[in-house]
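Heavy atoms only: backbone and side chains are in, while hydrogens, waters and symmetry mates are out. Along the sequence shown, the residues carry numbers beginning at 1. One-based numbering, in listed order, for ligands and for the atoms of each.
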Amino acid sequence: MNQAYSKSLNILIEQLGKLPGIGPKTAERLAFYILKTQPKEALALAQAITAVKNNIKRCKICNNLAEGETCSICSDPRRDKSVVCVVEQPKDLISLEKTGICKWSYHVLGGHIAPLEGIEPGDLNIESLLKRVRSGSVVELVMATNPNIDGDATALHIASLVKPMDVKITRLARGLPSGSTIEFAGGPILAEAIRGRQQID
Ligand SMILES: [Zn+2]
């Protein structure tokens with residue numbers, strides 16, 4: 001709290017400073033920028049934040065971010081619903097979509113299994129995935145959890161649950177550095193990993 005600033009300005013600096021990658025100096029600079037900018041522009045930012053928080057929900061099929069009942073991918077008739085790519089977070093889905101080669105649909109787990117962090121399989125959207133597989137419309141599950149210990153363990157856990165069902169399970173791995181994440185892998189590396197996906201036995 002800087003006494004030289006008014007209460008409102010201090011609150012704005014404090015809120016901006018909570019954003020990732022924004023230190024106190026940058027928070028101050030942004031607050032002053034907002035202060036001097038046209039009211040219309042500054043309010044557009046505030047309204048965009050409100051809209052995101054009010055309108056974005058979870059897709060009832062795949063748990064991706066959605067503005068309606070289902071996300072844009074699940075409601076797209078051109079998408080192949082028989083191939084389901086399993087990711088940890090919506091941001092992984094976005095990284096895969098950026099390669100421009102995915103025609104499949106997705107299932108967002110909401111994280112990975114990590115017993116040490118207290119994240120058990122029951123905390124993830126695994127049951128809804130099994131339900132989709134049991135419905136009989138899924139031919140292939142592409143496991144695109146992160147290529148690190150937790151991501152691998154999560155993929156293997158799901159593979160073991162799905163094994164008795166009549167579905168092919170592949171893992172996105174080739175070309176992806178072990179221990180890395182989907183989010184930070186480059187587009188060409190991801191595209192290579194998608195094309196070179198291998199079956200889990
Ligand atoms: Zn969806």
Examine distances only and state if a side-chain atom of H107 and a backbone atom of S128 form a donor-acceptor pair shorter than 3.5 Å. no

Please indicate how many protein N/O/S atoms are found closer than 2.8 Å to the Zn ion (ligand 1), with waters neither displayed nor included. 4

Roughly how far, to the nearest 0.5 Å, is the CG atom of D123 from the CD1 atom of I113? 9.5 Å

Are E140 and R197 within salt-bridge range, i.e. N to O under 4.0 Å? yes

All pairs passing side-chain hydrogen bond (donor to acceptor under 3.5 Å, both in side chains) where residues 61-86 contributes a residue, at least two apart: D76-R78, R79-E97, D80-S82

In terms of hydrophobic clusters joined by side-chain contacts under 4.5 Å, are V142 and V139 together? no

We want to know whether S8 and S6 form a side-chain donor-acceptor pair, criterion being a heavy-atom distance below 3.5 angstrom. no

